[in-house]
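Throughout, residue positions are numbered sequentially from 1 according to the sequence presented. Atom set for the values below is all heavy atoms of this structure, side chains included, hydrogens, waters and symmetry mates excluded.
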Amino acid sequence: MADIDITAREDAADACARLSVCVDIVLMGVRKRAPCALLLRRGAAPFAGQAALPGGFVGAGESLEDAAQRVLRDKAGLSDVRCEQLYTFGEVARDPRRRIVTVAWLALLAPAAIEAALEAHPGVLCATLAVPEADGVRDIHVVDRAGARLHLAFDHEQILALALERLRGKLDYTAVGFDLLPSFFTLRQLQDVHEAIRGTTLNKPAFRRRMIDKGWIAPTGARETGTSHRPAALYRFRDVT
C-alpha cells in the first residue's frame, strides 16, 4: 500500500510539473455599432497564422493580475486598463502542447482606447463579434473587417462568447456599458452600445426614459461638434453608488 501511495504522489507531482498557467485577455468594445474584440495573429505553432486573444504564460513569481497587466502592456500597448477575471478554462485538450490552464480576463475599452491600440501595434486586429440571433450568444461568429469568418486559435472563440454573454447579463443592472463610451457621449451613442451588446433594436423613447430614471446620466450643457446634422446634446456618466 505504501508503494502505491508513493507512486500516486510521484504521478501527481509529475503532472503538476507539466501543468502551465496562462492568462488570456478579452479586449472588448463597440465599433461601428457592433461588438468587437482586439486580436493578434499567432506567429508560432500551434495555430500559427490564426487569430487569437492576447495572452501569455504566468511567471513563477508573478501574480495573475500582474501577468494580465503585462500582456495588456506588451501585446496591446495598453496601460491603466481595468480588468476583471472572467472564467478559468481548463479542458485537458485545449492546448496541443501540454496541459495548460488559462485564466481569462475581460477589459472593456472606450473607442479612443481601441484606436490607440490599433495605432500602437500594427499587428493588432479589430474583429467584429457577429451573433446570428439575439439570444444565441454561444453561436458567435468572429469576422474580420471584410466580413470573412475568423477561426480562432485554441478555445478563444468560446472565451469570447462567454465574455459577451457575461456583458449582456450585466448591462441592465450595472453601469458597465459606460466603460464602452467616451467620457462625453450622446444618447444615440449610448443606445448604440446597448443595441450592439444585446444584438437587438431598442425603442428609443423607452430606452432614454429608463437611462434617465436610473440616474446614471447627467447633461454636460455641451453639444457634439463636427456633424452635418443638428448637434446632439452631450451627457456624462454619473456614479450613483
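- Residue R230 places its CZ atom among 12 or fewer non-hydrogen atoms of other residues, nucleotides or ligands, all under 6.0 Å distant.
- Note: C126 SG to R31 CZ = 4.5 Å, rounded to the nearest 0.5 Å.
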Self-check item: side-chain contact (heavy atoms from CB on, under 4.5 Å) evaluation trace for E157 with D155
Solution: CA-CA 6 Å; E157 195 167 290; D155 52 1; over 6 Å; no

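- Put simply, CZ on R42 and NE2 on H156 are 8.0 Å apart, with the number rounded to the nearest 0.5 Å.
- By the 6.0 Å contact criterion, CG on D239 is enclosed, its count of non-hydrogen atoms from other residues, nucleotides or ligands being greater than 12.
- Residue R145 qualifies as open at atom CZ: its count of foreign heavy atoms under 6.0 Å is 12 or below.
- With D144 contributing its side chain and G147 its backbone, the two residues share a donor-acceptor pair below 3.5 Å.
- No option in I217, V193, L108 other than I217 meets the side-chain contact (heavy atoms from CB on, under 4.5 Å) test with F178.
- Proximity of M28 to L109: side-chain heavy atoms (C-beta onward) are nowhere separated by under 4.5 Å.
- By the 4.0 Å N-to-carboxylate-O rule, E84 lies close enough to K170 to be salt-bridged with it.
- Cluster annotation: I140 is not connected to L27 through the hydrophobic network of ILVMFWY side chains, with a link wherever side-chain heavy atoms come within less than 4.5 Å.
- Within the 3.5 Å criterion, the main-chain N or O of G77 finds a donor-acceptor partner in the side chain of H121.
- Side-chain N or O atoms of Q191 include one that pairs as donor or acceptor with a backbone N or O of L202 at under 3.5 Å.
- Across all their heavy atoms, L38 and P54 have their closest contact at O-CD, 3.5 Å.
- For V21 against V103, the heavy-atom pair with the smallest separation is CG1-CG2, 4.5 Å.
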Exercise. Determine, stepwise, if the pair L160 / L129 fulfils side-chain contact (heavy atoms from CB on, under 4.5 Å).
Key: CA-CA 8 Å; L160 277 173; L129 310 183; 4.0 Å; yes

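- Counting heavy atoms of neighbouring residues, nucleotides and ligands inside a 6.0 Å radius, atom CD of E91 does not exceed 12 of them.
- Put simply, the side chain of L234 does not reach to within 4.5 Å of the side chain of F185, judged on heavy atoms.
- Transitive grouping of hydrophobic side chains (ILVMFWY, heavy atoms separated by less than 4.5 Å) keeps F47 and L40 in distinct clusters.
- Put simply, I159 and L72 are part of two different groups of oily side chains (I, L, V, M, F, W, Y) that touch within less than 4.5 Å, one to the next.
- R82 CZ to L106 CG: the interatomic distance, rounded to the nearest 0.5 Å, is 9.0 Å.
- Contact between R223 and A233 at its shortest, heavy atoms only, is NH1-N, 3.4 Å.
- Side-chain contact between C22 and D24: present, with at least one pair of heavy atoms (C-beta onward) separated by less than 4.5 Å.
- For the pair R98/I100, a side-chain contact is recorded, criterion being any heavy-atom separation below 4.5 Å from C-beta on.
- R99 and S20 share no donor-acceptor pair across their side chains, judged by distance under 3.5 Å alone.
- The shortest side-chain heavy-atom distance between F207 and L190 falls under the 4.5 Å cut-off.
- Transitive grouping of hydrophobic side chains (ILVMFWY, heavy atoms separated by less than 4.5 Å) keeps L125 and I114 in distinct clusters.
- Looking at R198, its side chain never comes within 3.5 Å of a backbone N or O of R168 through a donor-acceptor pair.
- In this structure, the side chain of Q50 engages the main chain of H151 through a donor-acceptor pair within 3.5 Å.
- At least one side-chain heavy atom of V142 sits under 4.5 Å from a side-chain heavy atom of L152.
- The pair D192-R188 counts as a salt bridge, with a side-chain nitrogen and a carboxylate oxygen less than 4.0 angstrom apart.
- Cluster annotation: L39 is connected to L180 through the hydrophobic network of ILVMFWY side chains, with a link wherever side-chain heavy atoms come within less than 4.5 Å.
- For E195 and K204, the salt-bridge test fails: no basic side-chain N is under 4.0 Å from an acidic carboxylate O.
- Considering only heavy atoms from C-beta on, L64 comes within 4.5 Å of V23 through its side chain.
- Remark: F184 CZ is loosely packed, at most 12 non-hydrogen atoms of other residues, nucleotides or ligands lying under 6.0 Å away.
- Looking only at distances, a side-chain donor or acceptor of E224 sits under 3.5 Å from a matching main-chain atom of A232.
- Under a 3.5 Å cut-off, the side chain of T220 and the backbone N or O of A222 do form a donor-acceptor pair.
- Across all non-hydrogen atoms, the minimal contact from R238 to G215 is NE-O, 3.2 Å.
- Here the side chains of I25 and L53 are not in contact, with every heavy-atom distance at 4.5 Å or above.
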Exercise. Let me see the working for W105 and L86 under side-chain contact (heavy atoms from CB on, under 4.5 Å), right down to the final yes or no.
Key: CA-CA 5 Å; W105 295 73; L86 176 65; 5.9 Å; no

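- The two residues E62 and V58 have their closest heavy-atom pair at O-CG1, 3.4 Å.
- In this structure, L78 and A117 approach most closely via the heavy-atom pair CD2-CB, 4.2 Å.
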